[in-house]
Amino acid sequence: MQTITSRDGTLIAFWRGGNGPPLLRIHGAAADHTTTWRFVLLELERRFTVYVMDRRGRGGSGDIPPYELQREAEDIATVVDSIAEPVNVIGHSYGGLCAIEAALLTANLRRLVLYEGVPLRGAELYTPGIVERLEELLKAGDVEGMLVAMYHDVVKMPPEEIELLRSQRDAWAVRLGNAPTIPREIRTEQGYTFEPERFRSMRTPTLLMVGSNSPHRELEHANGIADTLPNAQVVILPGQQHVAMHTAPEVFVSQVVQFLEK
């Protein structure tokens, strides 16, 4: 583990392995560096020097209130800028939102992959009161119920994908431990609106990945973002939803490698 100090003084932990061009991977809600990428890590390390980080508030990273999306973006930009050559970045789910915001803060990005998670209008994603219901479950001590509700009601994952995550007991325990960070991220996402004028000059080649079986909103968001960015494309992962790195790691790796090795 290595640590680096972000702009607000928070220590951010990251790990490095493999050989080749640098690739930084950003996990989503409730996850950490050990959970999201476990089935694709070795294959990617054959082609890239892979960096994985814990986002603030979990794992080896610190946390300083108040929570803001801008601080998450600064964390990623700080890690990217510490690497001596242009960096490829992959962001999954909420980590994708953090990653695209970080792209505005650093000139050291080579290519960017966003796997769902960047909304056009965050307020339209969720039913009213969902954050309050999750907070009530958390307050009542039903952490697992809260986590399952988040995946089912917010992410819209099917039961079989949720059970796949639960079957990875060590990773599920990590997700349970990180569950208290979920409400603040959902509130932030609800308040987020993608503002095209902020991104029109962002020329970093960008791949937006969407599962063919994901809610239609994900494709709508990806297409809207791709229409704004000067150098972006959308690819659909056939038969997949929100966690292809778990359900079809070979498909995920193939698309990522094809894009990053151009």
Side-chain angles (χ1 to χ4, degrees), residues 2 14-28 31 33-53 55 73 76-118 199 201-212 214 218-219 221-223 225-262:
Q2 303 177 61
F14 65 96
W15 292 255
R16 170 182 170 173
N19 292 284
L23 169 62
L24 173 64
R25 299 183 300 176
I26 315 298
H27 63 77
H33 79 281
T34 68
T35 59
T36 302
W37 314 110
R38 53 176 44 199
F39 297 121
V40 298
L41 178 61
L42 292 178
E43 190 62 32
L44 290 175
E45 284 184 342
R46 292 190 178 100
R47 295 175 170 87
F48 303 96
T49 298
V50 176
Y51 296 79
V52 287
M53 60 179 283
R55 291 199 292 107
I76 295 169
T78 298
V79 176
V80 167
D81 287 341
S82 74
I83 300 171
E85 58 184 299
V87 181
N88 300 300
V89 172
I90 300 177
H92 174 244
S93 195
Y94 188 81
L97 179 57
C98 299
I100 197 170
E101 286 292 323
L104 300 179
L105 303 179
T106 175
N108 200 37
L109 283 189
R110 179 181 175 272
R111 286 178 175 252
L112 179 63
V113 178
L114 305 171
Y115 183 5
E116 301 184 356
V118 182
F199 294 91
S201 62
M202 193 186 101
R203 301 197 173 277
T204 304
T206 301
L207 176 69
L208 296 114
M209 300 171 66
V210 179
S212 67
S214 291
E218 298 296 347
L219 183 57
H221 295 165
N223 284 333
I225 293 162
D227 287 344
T228 296
L229 301 181
N231 191 359
Q233 64 187 86
V234 177
V235 65
I236 297 175
L237 306 179
Q240 303 306 308
Q241 293 196 343
H242 195 60
V243 288
M245 67 285 288
H246 292 271
T247 56
E250 68 289 346
V251 173
F252 177 87
V253 169
S254 175
Q255 290 293 343
V256 168
V257 169
Q258 180 179 339
F259 176 70
L260 294 186
E261 291 189 343
K262 286 184 179 179

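These values consider heavy atoms only, across backbone and side chains, with no hydrogens, waters or symmetry-generated copies.
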Seminar exercise, completed: Separation between CZ (F252) and NE2 (H92), nearest 0.5 Å, reads 8.0 Å
Problem set entry | L260 to L23 - nearest heavy-atom pair and separation | CD1-CD1, 3.8 Å
For this session: Please tell me if the side chains of P249 and E43 come closer than 4.5 Å, counting only heavy atoms from C-beta onward.
Result: no
For this session: Determine whether F199 and I100 make a side-chain contact, defined as any pair of heavy atoms from C-beta on separated by less than 4.5 Å.
Result: yes
Exercise. With a 4.5 Å limit on heavy-atom distance, are the side chains of M245 and F39 in contact?
Worked result: no
Exercise. Given V235, which of L208, V210, L207 fulfils the side chain to side chain contact (heavy atoms under 4.5 Å, CB included) condition?
Worked result: L207
For this session: Answer yes or no: does atom CG of D227 have more than 12 heavy-atom neighbours from other residues, nucleotides or ligands under 6.0 Å?
Result: yes
For this session: With side chain to side chain donor-acceptor pair (under 3.5 Å) as the test, would you mind laying out the steps for Q240 and T247 before giving the verdict?
Result: CA-CA 7 Å; Q240 303 306 308; T247 56; 2.4 Å; yes
Problem set entry | Step-by-step side chain to side chain donor-acceptor pair (under 3.5 Å) determination, R110 to N88 | CA-CA 5 Å; R110 179 181 175 272; N88 300 300; 3.0 Å; yes
Problem set entry | Minimum heavy-atom distance G18-T49, with the two atoms named | O-OG1, 3.7 Å
Exercise. Do V118 and H221 touch side chain to side chain, with heavy atoms closer than 4.5 Å?
Worked result: no
Exercise. Below 4.5 Å, heavy atoms only, C-beta onward: do F14 and L24 meet side chain to side chain?
Worked result: no
Exercise. So do the side chains of T36 and V243 get within less than 4.5 Å of each other, counting heavy atoms only?
Worked result: no
Exercise. Less than 4.5 Å apart, any side-chain heavy atom of M209 and any of F259?
Worked result: no
Problem set entry | Closest non-hydrogen atom pair, G91 against A99 | CA-CB, 4.3 Å
Seminar exercise, completed: Residues G117 and E218: closest non-hydrogen pair is N-OE1, 3.6 Å
Problem set entry | From CG (N231) to OG1 (T204), nearest 0.5 Å | 8.5 Å
For this session: Grab the two heavy atoms, one from M202 and one from P230, that are nearest each other, plus how far apart they are.
Result: O-CD, 3.1 Å
Problem set entry | Point-to-point distance, once rounded to the nearest 0.5 Å, from CD1 of I83 to CG of N108 | 7.5 Å
Exercise. If every non-hydrogen atom of A102 is compared with every non-hydrogen atom of A77, which pair is closest and at what distance?
Worked result: CB-N, 4.2 Å
Exercise. In Å, rounded to the nearest 0.5 Å, how long is the span from OG1 of T34 to NE2 of H27?
Worked result: 9.0 Å
Exercise. Does a side-chain heavy-atom distance below 4.5 Å link R38 with H246?
Worked result: yes
Problem set entry | Ring geometry between H242 and Y115 (parallel below 30°, tilted from 30 to 60°, perpendicular above 60°) | tilted
Exercise. Between W15 and H33, how do the two ring planes meet: parallel, tilted or perpendicular, split at 30° and 60°?
Worked result: parallel
Seminar exercise, completed: Distance col, row L229:CG vs S201:OG, nearest 0.5 angstrom, shows 10.0 Å
Seminar exercise, completed: CD of E116 to CG of L97, rounded to nearest 0.5 Å, is 13.5 Å
